[in-house]
Amino acid sequence: QVQLVESGGGLVQTGGSLRLSCAASGRSFTSYSVGWFRQAPGQEREFVAAIGITTLYADSVKGRFTLSRDNAKNTVSLQMNSLKPEDTAVYYCALRNSRLLSKEEYNYHYWGQGTQVTVSS
């Protein structure tokens, strides 16, 4: 049974930083890719970033967000800098049974419960 647990969300002012983490149990990240998605109130869930052999970022976060992985700890972190109010959302990590990166939700097989990020103006 694979479980993903996100942590690190919270309330931050515009321009601030947060670091989200995704920890996996029951499956090693080594042979898989991990994606981050977010969903703002009243909006559809959208792709944020993914990491496998390489990394992929949505245009809206490129240059501000950075992904990293610690295979020994089986965690993936999303460093979010220069946060904007429009970054406010519930952030989800997801695991894909492939090292190929994807922006599509349907390509991910396991999902965490999400962590709230709120950026105040």
Side-chain angles (χ1 to χ4, degrees):
Q1 183 74 13
V2 177
Q3 284 192 319
L4 302 176
V5 178
E6 303 95 337
S7 61
L11 173 64
V12 66
Q13 291 185 332
T14 296
S17 298
L18 283 173
R19 186 178 182 87
L20 305 184
S21 291
C22 176
S25 60
R27 188 69 57 89
S28 169
F29 280 153
T30 305
S31 300
Y32 303 89
S33 59
V34 176
W36 284 91
F37 293 78
R38 66 186 181 187
Q39 187 168 22
Q43 297 187 23
E44 294 186 352
R45 191 154 56 185
E46 64 175 3
F47 171 79
V48 175
I51 185 167
I53 298 174
T54 59
T55 54
L56 179 66
Y57 298 93
D59 288 343
S60 59
V61 306
K62 201 172 294 183
R64 299 188 298 123
F65 291 11
T66 304
L67 275 170
S68 61
R69 66 194 302 164
D70 185 334
N71 289 333
K73 295 182 178 180
N74 222 30
T75 60
V76 167
S77 296
L78 180 67
Q79 178 67 40
M80 306 187 296
N81 298 328
S82 303
L83 283 163
K84 306 174 182 180
E86 50 264 43
D87 293 318
T88 295
V90 177
Y91 283 70
Y92 300 88
C93 71
L95 188 69
R96 183 184 184 207
N97 291 337
S98 169
R99 299 189 76 177
L100 296 177
L101 303 181
S102 174
K103 295 182 177 181
E104 303 299 334
E105 289 187 50
Y106 57 76
N107 281 327
Y108 290 83
H109 304 87
Y110 304 98
W111 290 81
Q113 293 300 307
T115 184
Q116 176 70 47
V117 171
T118 303
V119 184
S120 63
S121 57

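Values reported hereafter were calculated over all heavy atoms of this structure, with side chains retained and with hydrogens, waters and symmetry mates removed.
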Chemist: As an exercise, state the distance from CD of Glu104 to CZ of Arg96, rounded to the nearest 0.5 Å.
Modeler: 9.5 Å
Chemist: For a quick check under 3.5 Å, do Thr118 and Gln116 share a side-chain donor-acceptor pair by atom type?
Modeler: yes
Chemist: Val76 and Leu101: same hydrophobic cluster, using ILVMFWY side-chain contacts below 4.5 Å?
Modeler: no
Chemist: Under the side chain to side chain donor-acceptor pair (under 3.5 Å) test, which residues partner Ser17, sequence neighbours left out?
Modeler: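 Ser17 satisfies side chain to side chain donor-acceptor pair (under 3.5 Å) with Asn81 once adjacent residues are dropped.
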Chemist: How far does OG of Ser120 sit from CD of Gln13, to the nearest 0.5 angstrom?
Modeler: 5.0 Å
Chemist: Give the table of side-chain donor-acceptor pairs shorter than 3.5 Å for residues 32-41, with sequence neighbours excluded, one pair per line with atom names and distance.
Modeler:
{"unit_1": "Tyr32", "atom_1": "OH", "unit_2": "Arg27", "atom_2": "NH1", "d": "3.3"}
{"unit_1": "Ser33", "atom_1": "OG", "unit_2": "Ser98", "atom_2": "O", "d": "2.8"}
{"unit_1": "Ser33", "atom_1": "OG", "unit_2": "Leu100", "atom_2": "O", "d": "3.3"}
{"unit_1": "Arg38", "atom_1": "NE", "unit_2": "Glu46", "atom_2": "OE2", "d": "2.6"}
{"unit_1": "Arg38", "atom_1": "NH1", "unit_2": "Asp87", "atom_2": "OD1", "d": "2.9"}
{"unit_1": "Arg38", "atom_1": "NH1", "unit_2": "Tyr91", "atom_2": "OH", "d": "2.9"}
{"unit_1": "Arg38", "atom_1": "NH2", "unit_2": "Glu46", "atom_2": "OE2", "d": "3.1"}
{"unit_1": "Gln39", "atom_1": "NE2", "unit_2": "Gln43", "atom_2": "O", "d": "3.1"}

Chemist: Within the side chain of Arg69, is there an N or O that forms a donor-acceptor pair under 3.5 Å with the backbone of Gly52?
Modeler: yes
Chemist: Calculate, to the nearest 0.5 Å, the distance between atoms NE2 and CG belonging to His109 and Leu4 respectively.
Modeler: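 Output value for this atom pair is 12.5 Å.
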Chemist: So, using side chain to side chain contact (heavy atoms under 4.5 Å, CB included) as the criterion, who are the partners of Ser77 when residues are at least two apart?
Modeler: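 Once residues adjacent in sequence are excluded, the partners of Ser77 under the side chain to side chain contact (heavy atoms under 4.5 Å, CB included) criterion are Arg19, Ser21, Ser68.
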Chemist: Could you go through the side chain to side chain contact (heavy atoms under 4.5 Å, CB included) check for Phe47 and Leu56 one step at a time?
Modeler: CA-CA 10 Å; Phe47 171 79; Leu56 179 66; 4.0 Å; yes
Chemist: Give a yes or no answer on whether the side chain of Asp70 reaches the backbone of Lys73 with a donor-acceptor pair at less than 3.5 Å.
Modeler: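 Yes: the side chain of Asp70 pairs with the backbone of Lys73.
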Chemist: Rounded at 0.5 Å granularity, tell me how far OH in Tyr108 sits from SG in Cys93.
Modeler: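 Spacing of OH (Tyr108) from SG (Cys93) equals 11.0 Å.
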Chemist: Distance-only, no hydrogens or angles: does the Thr75 side chain make a donor-acceptor pair with backbone N or O of Ala23 under 3.5 Å?
Modeler: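 Absent.
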Chemist: Tell me whether Val61 shares a hydrophobic cluster with Leu83, the cluster being built from Ile, Leu, Val, Met, Phe, Trp, Tyr side chains joined at under 4.5 Å.
Modeler: yes
Chemist: Give a yes or no on whether the backbone of Gln113 and the side-chain of Glu6 come within a donor-acceptor separation of less than 3.5 Å.
Modeler: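 Yes.
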Chemist: Evaluate the criterion side chain to side chain contact (heavy atoms under 4.5 Å, CB included) for residue pair Met80 and Arg64; output intermediate values, then yes/no.
Modeler: CA-CA 6 Å; Met80 306 187 296; Arg64 299 188 298 123; over 6 Å; no
Chemist: Counting only heavy atoms not in Gln3 (residues, nucleotides, ligands), do more than 12 fall under 6.0 Å from its CD?
Modeler: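 At most 12 heavy atoms, drawn from other residues, nucleotides or ligands, come within 6.0 Å of this atom.
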Chemist: Atom SG in Cys22, atom CD1 in Ile51: separation rounded to 0.5 Å?
Modeler: 11.5 Å
Chemist: In terms of hydrophobic clustering (I, L, V, M, F, W, Y; side-chain heavy atoms under 4.5 Å; direct or indirect links), are Leu67 and Phe65 co-clustered?
Modeler: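 Linked within one cluster.
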Chemist: Is there a path of hydrophobic side-chain contacts, each under 4.5 Å between heavy atoms of I, L, V, M, F, W or Y residues, that connects Leu78 with Leu11?
Modeler: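 No; tracing contacts between hydrophobic side chains, which count when under 4.5 Å, never links both residues.
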Chemist: Apply side chain to side chain contact (heavy atoms under 4.5 Å, CB included) to Thr115 and Val90, showing your working.
Modeler: CA-CA 5 Å; Thr115 184; Val90 177; 6.0 Å; no
Chemist: If Ile, Leu, Val, Met, Phe, Trp and Tyr residues are connected whenever their side-chain heavy atoms lie under 4.5 Å apart, and connections chain through other members, are Val117 and Trp111 in the same group?
Modeler: no
Chemist: Side chains of Thr66 and Tyr57: closer than 4.5 Å at any heavy-atom pair?
Modeler: yes
